[in-house]
Structure formats: C-alpha cells, structure tokens
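Reviewing the structure listed below.
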Amino acid sequence: MSILKEIQKRKTFAIISHPDAGKTTLTEKLLLYSGAIHIAGAVKSNKIKKTAASDFMEIEKQRGISVTTSVLSFEYAGYKINLLDTPGHKDFAEDTYRTLTAVDSVILVIDCVKGVEEQTEKLMGVCRMRKTPVIIFINKLDREGRNPVELLDEIEQKLDIRVRPLSWPLGIGSSFKGVYNLYKNSFAFFKPSKQTIEDDVQVFQGLNDPLLQESFGADAQKLRNDVELINGVYEEFTVEKYSSGDVAPVFFGSALNNFGVQELLNTFVEIAPSPRQRETTKGMVEPHNEHFSGFVFKIHANLDPKHRDRIAFLRVCSGKFERNTFYHHVRLDRDIKFPNPASFMAQNKSLLEEAYPGDVIGLYDSGTFAIGDTLTEGEGFMYKGIPRFSPEVFKELRNNDPFKTKQLEKGIAQLTDEGLAQLFTHNINPNRKVIGVVGELQFDVLKYRLLNEFGASCDFVPITAHKACWVQYADKSDVEELFYIRANFLYRDKNNNLVFLAESEYALRMATGKNPKAKFLFSVEHNDQTVEMETV
Ligand code: G4P
C-alpha cells in the first residue's frame, strides 16, 4: 500500500472530559464496536478496568486512578484508529496537554447533568490553541439532565467554540426516547441496555413523513419544532469548518447503554482528519514526506516492575518508520536504532515492523529520551508545539539521606525528563531545588517512585509560590532590577532558562512593571523554542 493510502487510513485522536463524564465508558464501547474487545454489557466491569492497558502502573493500581496515558489502536470500517487515552485525574493534566499535541482530533465528552466543568474548559483551551478539530458527545441522556439548548449555549460560551448538533434528543432522563439524526432523517430508539450494540434505527422521509406521527404521537410535533429550531439557529455543518477547529459537531447519547456510540464512531471515521502537516523548526513537514520523522510526547516508566526500563511514546509525523533502522536523535546528535519497537493493538502490546504517520510507537529507552525529542532520518529539525506550562504547586526538595544524593539527582533528572514534574534550581544557591507540579498527587507519585526505583528518600516542603514565569530579555540590563532586587526568586529550569518564581500575583505584577522590556512567559516549549501563548 502506498504511503498516501496508509496516511489516509489513519485517524489519531484522544477522548477528553472532566473526570466521571464517561470517557472510560465511551473508550470501552468504541473498542467493543470495533471488535477489539468482545465483552458486551460487562465492558465497564472492574475486571476489565483492572486488566485494562492503562492500569499498568503500580501506584495507579493502588490508588485506582488512571494516571498514565496509554495508546489503543483498532481497526474500524477499513480505518486504523489510534486512540490516545489520557489520565482523567486533574493532577496529571499536563500529561493530557502533551498527548493533545500528538493527536489530529479530539472527542470531548460532556455529562448532560453537569454540563461544562472546570477540566473541560482547560482541555478545550489547549485544543483551541492548536485549532484541533473537536466532536462533542453529550453523554448520560438516560439521566435527568439539563435542557439540551441550554447545554449547547453553555458549551459555546464557556468553551468559546461554535457548535452544530448533528443529532437531537427527544426527551431526557426517564422520558428519553432516542435521538433524531438531523442529516440522515433517521431516529434511533433508546432501549436502556448494556447488552446490545445494535441501535434500533427507523429512517423517515423527512419531518413530514406520516410515519413520524405514527411512531411518536404527540411528541412528533415537538420533534418537528425542535429540529426546525435547530436548523434555523445553527449554521449548516461543513467538514471544512470542523477541520479548521471553528465548529464542533455535537452528538447526544448514553455510553453506558451503548446508545449513540456507533453513530458517533461512524461520523468520526467519515469526518475526522487524517495526519496533516506539522510545524518544525525548519518549517512545515508533510506526512507524505519520504523521510521518516516523529517526536516523543510521553515517557512511561516501569510498565513491568521486574524491568526497570521506560517506554518513550513517539508519534510518527512523516515517512515510514522501520524496525532496526538507524534514526537521528536530534537533541543528542546521535544515531540510534530500535530492535524492539512496540505497537499497541487494543490492549495488547506487540513487536512493530513498520509504522506510518499518525501511528504511535513505543520505544524502549534507558534514559535517552526526554519529552519533545525529535527523531529524523538525519535532518536537524525539531518538532514544535509541545508545551511546558507553569506548574500550579511548588515545593522545596529535601534530601532525607545524604548518602543517596546521587540517586536522588538521577531520579529527579529522569522523572523530570518524563514530564512528571519540573525542576527549578536556585540561580545563586544551586542546593536550593524547587519541584513544580500540576497537582499534589504528583508529589506522592514522585516520592513513591524515587524511593522504589532509585532508592532515594526525600521530602517536599511547601513554599509560597504562585507561578513560574520564564523570563526572556534581549539585553541583561533589561532585567537588572530582577537580578538585584528579586534575586531570591530567580531559578533556572532544566535547560538553564531563567525562571522567576513569583510569590503572588502582586509580586508578578510588580516584577513585570519594573522590567518592562522583559517577557514573562507562563509556558515554553520542551525543545526551548519559546512560544508566546500566555504572556502576562
Ligand atoms: P471517566 O472515565 O470520564 O472518569 O468516567 P467513567 O467512564 O468512569 O464513568 C463515570 C461514571 O458514569 C461511571 O459510573 C459510569 O458507569 C457512569 N456512566 C458513563 N456513561 C453513562 C451513561 O450513559 N449513563 C449513566 N447513567 N451513567 C454513565 P460509576 O458508578 O462511577 O462507576 P461504575 O461502578 O459504573 O464502574
């Protein structure tokens, strides 16, 4: 098969949601429809949850939360679908942000009872930034949820995206009858069941079809009114508007009841983009470029506690990857070959011979990779757009065992390469080290892993810090004030970039006011090509 055909076959996406909206349930149902798993009905049972590919990390099992990103690939309708799972827990949000750099589109799940929640807003912010095409699935229609029109308004306002319903529900909760497909003029009748994966669908000849009256009685008029209203209010759907990230098509359903999932999946494969060109430090690279290239967006350690290796997840962006071939590690300026690359089909990991744009490869790694690393066939460019954000929580690192200093340093270096946390070393006193994370839980994971994998015991002592800002200036005199007056708050990140750890919003305002020529950035790129996403 030609490389173009391979590219067109691939749909690489992620499902995102606020925890509990139904992401896991929907993922399992998609696997069920694709035939990748066969346990109808019991798909959400604990058994599957425990053996699911995403549940492999020790600490994850202990805590029962999905803290790592896994990859599930499956075939459906002639397409190869790569689903990049993301951790639901908000403390691992940065992991999710990075995964979003490796996908070509996203399905956003919203709970119809709760509407748009905090985590949804943050995740959509990242999608908007990258203009990622989004399909919205409004879930749990079997529950007494909010009015759909209200929900759509809330989505448009809070998520700052235009929506276009492609289906419309009749009733909700106990009165939920099903959904009307606005384009196919068909109605899928809701049957609360976890067993069946076949939707009971009736096709109508438009809204004036007498069969509609026969099927719905008094509700037929309501459905007609609703559909007319929707078609009047929302602009015509086009794949172009969806692909450019301007309009999000919306579906309604109930993942738990296998309802509306197939419709979602069928539309997804029809409209979701295949791999497209991507930005690098030397300009755009097309997926059908004959030379292989890709970047690491995730590093996962200790899948098997018996082996202490890590897996670097690489997204193929151009050309064809082949096993046992030398590729160029751009940051290290070194050529490396991979005898055992892994692919991920459904829940199984297997040896991979070749991979194409859109695919995600697992590369066994003993510390050569860091997030954002690029592999090429010899060219020197790096992929752009893999962000590093200011952490939310900061604590000072205290070594509990001076005899294990080296182990602690090694552990911190590796875990920060993985993107689990960020290290800030004081600009004047390098013994003062601050660790920044998105959520408290990451400190527990760090402590656990430092002890278990590196034999290093440490504590994290709370400090007062509001944000980390990467400071950029053309001339050092632009930030003299910072170096003299605020020297105590100046740190270096892993790549020796200057970082101002602002104590409070006020301190940040003061510093920016006094150093007007400097740029204070809340995010930089992993490969240090500074991006100005959110300056103060
Ligand atoms: P998440 O990955 O987004 O965190 O959500 P998850 O799929 O785990 O779903 C969260 C809860 O919502 C689960 O219930 C799940 O069964 C339920 N759920 C998912 N889809 C639907 C739906 O369409 N209708 C209804 N009524 N519930 C739905 P749980 O009680 O937390 O877990 P479990 O005991 O069912 O495993």
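Values reported hereafter were calculated over all heavy atoms of this structure, with side chains retained and with hydrogens, waters and symmetry mates removed. Indexing begins at 1, ligand by ligand and atom by atom, following the structure's order. The structure displayed is predicted, hence computed values, not measured ones.
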cation_pi(Lys467, Phe522) dist<6.0 Å, angle<=45:
yes
Quick one: is the NZ or CZ of Lys395 closer than 6.0 Å to the six-membered ring centre of Phe443, and within 45° of its axis?
yes
Which atoms from ligand 1 have a heavy atom of [X] less than 4.0 Å away?
X: Arg143; value: 25 (C), 26 (N)
X: Ser254; value: 22 (C), 23 (O), 24 (N)
X: Lys23; value: 1 (P), 2 (O), 3 (O), 5 (O), 7 (O)
X: Ser17; value: 3 (O)
X: Pro19; value: 4 (O)
X: Asp20; value: 1 (P), 3 (O), 4 (O), 5 (O), 10 (C), 12 (O)
X: Ala255; value: 23 (O)

Where on Thr24 is there a heavy atom closer than 4.0 Å to ligand 1, on the side chain, on the backbone, on both, or on neither?
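Both of them.
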Logged contact type for Asn139 with ligand 1, heavy-atom cut-off 4.0 Å, is side chain
Is the shortest N/O to N/O distance between [X] and ligand 1 below 3.5 Å?
X: Lys140; answer: yes
X: Leu256; answer: yes
X: Leu141; answer: no

Quick one: do [X] and [Y] make a salt bridge, cutoff under 4.0 Å?
X: Lys184; Y: Glu263; result: no
X: Lys494; Y: Asp417; result: yes
X: Asp20; Y: Lys140; result: no

Mind checking whether Phe187 and Phe216 have ring centres under 6.0 Å apart?
yes
Just checking, any donor-acceptor pair under 3.5 angstrom between side chains of Tyr383 and Asp373?
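Looking only at side-chain atoms, Asp373 and Tyr383 do not form any donor-acceptor pair under 3.5 Å.
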Just by distance, with hydrogens left out, do Ser73 and Asn82 show a side-chain donor and acceptor under 3.5 Å apart?
yes
